[in-house]
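We're numbering straight along the sequence, starting at 1.
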Amino acid sequence: MTQKLKVVVTDYEYYDLRYEERVLQALPDVELVKGQARTEDEVIEIAKDADGIINQYAPISAKVIEQLEKCKVISRYGVGVNTIDIPKATEKGIYVANVPDYCMDEVSDHTLALLMSWARKVVLLNQYVKNGVWDFKKGIPIHRFQTQTVGVLGFGRIPRSLVKKLIAIGFNVLVYDPYVPEDVIHEAQAEPASLEEIFRKADFVSVHIPLTDETKGLINKDLFKLAKKNLVIVNTARGPVINEQDLIEALQAGQIAGAALDVVEIEPIQPDNPLLTMDNVILTPHVAWYSEESEDEMRSKCARNVLEALQGQTPTYLVNKDVLNVLKK
């Protein structure tokens, strides 16, 4: 008798798991366990005997991984894998997988929407009009896109998509990514630049840097001090890449002009966060990734990583490629 496979969804914020169920039904005998774990102990309780794990925000720490009895794969919804202790998973011979290519257009479109809303003062003027003030001067100054420079931090899939759109509209574009050859940036009709140079020259800075130990708080008061007073910072990556307190102080002191943020340090945003009271800040609820089509694609591909691993294959979107050497031993 074939033993039933157990796949645990540690946590999720969707109405149902129909996409995951559709993919995993290809396994002859599988139990899909739906959880809403928030702590390490809750993850251990629900997933210690899992063959595969699908994860959203719950912590898959070294402590959790140590307790996993037979897990072959941990697949995370989305691009980032900062919820998972990858070295520990690799040490234990567990595949870690993600979905790096599901929302390139959605995030780059949302970034562009935030940037253009700020550039044309759409949100600010909307509020004035709704409050009975019909006066274009409330939006002064507004400048042509062709006279402005956007600094793009990171040059992976999403920012490359964004740069194409920025160039088409007429913005001048600077790119910071120390891991990408300068000729690749030149081929995209952008100019390579250092982080400091971007903050000195840019009218807008768009953040597309993954959250790691090295990048946490990378955007901070030292960079804000270099910026022009009209700088607007846009973040659709991860909140903690920006030191939020430094950002708040820079906005309050008038060191920079504004921010448009889809992500913040603590999500959901806390009700006492000063960003909520600032007219020069646009906020959206970590929605840049979303469209009906991208949600289907992400969740299906996330489940497919698990399916492939449990069928004895290497997941298509394997993150910890070193695990292949561990598994050969």
Donor-acceptor under 3.5 Å ([X] side chain, [Y] main chain):
X	Y	result
Asn273	Gln270	no
Ser300	Glu297	no
Thr215	Leu218	no

Mind checking side chain to side chain contact (heavy atoms under 4.5 Å, CB included) for [X] and listing every partner two or more places apart, or none if nothing turns up?
X	value
Asp11	Gln36, Arg38, Asn55, Gln56, Tyr57, Ala58
Leu327	Tyr95, Val323
Val326	Thr90
Lys63	Glu40, Asp41, Ile44, Ser61

> Using 30° and 60° as the class limits, which term best fits the ring planes of Trp289 and Tyr14: parallel, tilted or perpendicular?
Replying inline: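 Trp289 and Tyr14: perpendicular rings.
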
>> One pair to check against side chain to side chain donor-acceptor pair (under 3.5 Å): Glu249 and Gln245. What are the steps and the verdict?
In response: CA-CA 6 Å; Glu249 290 176 4; Gln245 187 56 41; 3.1 Å; yes

> Without hydrogens or angle criteria, can the side chains of Asp262 and Thr284 be said to hold a donor-acceptor pair below 3.5 Å?
Replying inline: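 Checked: Asp262/Thr284 side chains pair up, N/O donor to acceptor below 3.5 Å.
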
>> Lys72: which residues meet the side chain to side chain donor-acceptor pair (under 3.5 Å) condition with it, sequence neighbours left out?
In response: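 Side chain to side chain donor-acceptor pair (under 3.5 Å) list for Lys72, sorted by chain: empty.
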
>> Among residues at least two apart in sequence or on other chains, which ones pass side chain to side chain donor-acceptor pair (under 3.5 Å) with Gln189?
In response: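 Scan of Gln189 (side chain to side chain donor-acceptor pair (under 3.5 Å), adjacent residues dropped) gives none.
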
> What residue among Thr83, Asn98, Asn305 forms side chain to side chain donor-acceptor pair (under 3.5 Å) with Arg76?
Replying inline: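 That would be Thr83; it is the only one of Thr83, Asn98, Asn305 passing the side chain to side chain donor-acceptor pair (under 3.5 Å) with Arg76.
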
>> Run the side chain to side chain donor-acceptor pair (under 3.5 Å) test on Tyr317 and Lys301 for me, step by step, so that the C-alpha distance in whole Å, both residues' side-chain angles and the decisive distance to 0.1 Å come before the verdict.
In response: CA-CA 9 Å; Tyr317 297 105; Lys301 286 182 174 180; 3.2 Å; yes

>> Under the criterion salt bridge (Lys or Arg N to Asp or Glu O under 4.0 Å), I'd like the reasoning laid out for Glu20 against Arg299: C-alpha separation, chi angles, the key distance, then a yes or no.
In response: CA-CA 6 Å; Glu20 295 82 352; Arg299 290 168 57 189; 2.9 Å; yes

> Taking it one step at a time, do Asp16 and Lys34 satisfy salt bridge (Lys or Arg N to Asp or Glu O under 4.0 Å)?
Replying inline: CA-CA 9 Å; Asp16 55 40; Lys34 306 172 185 179; over 6 Å; no

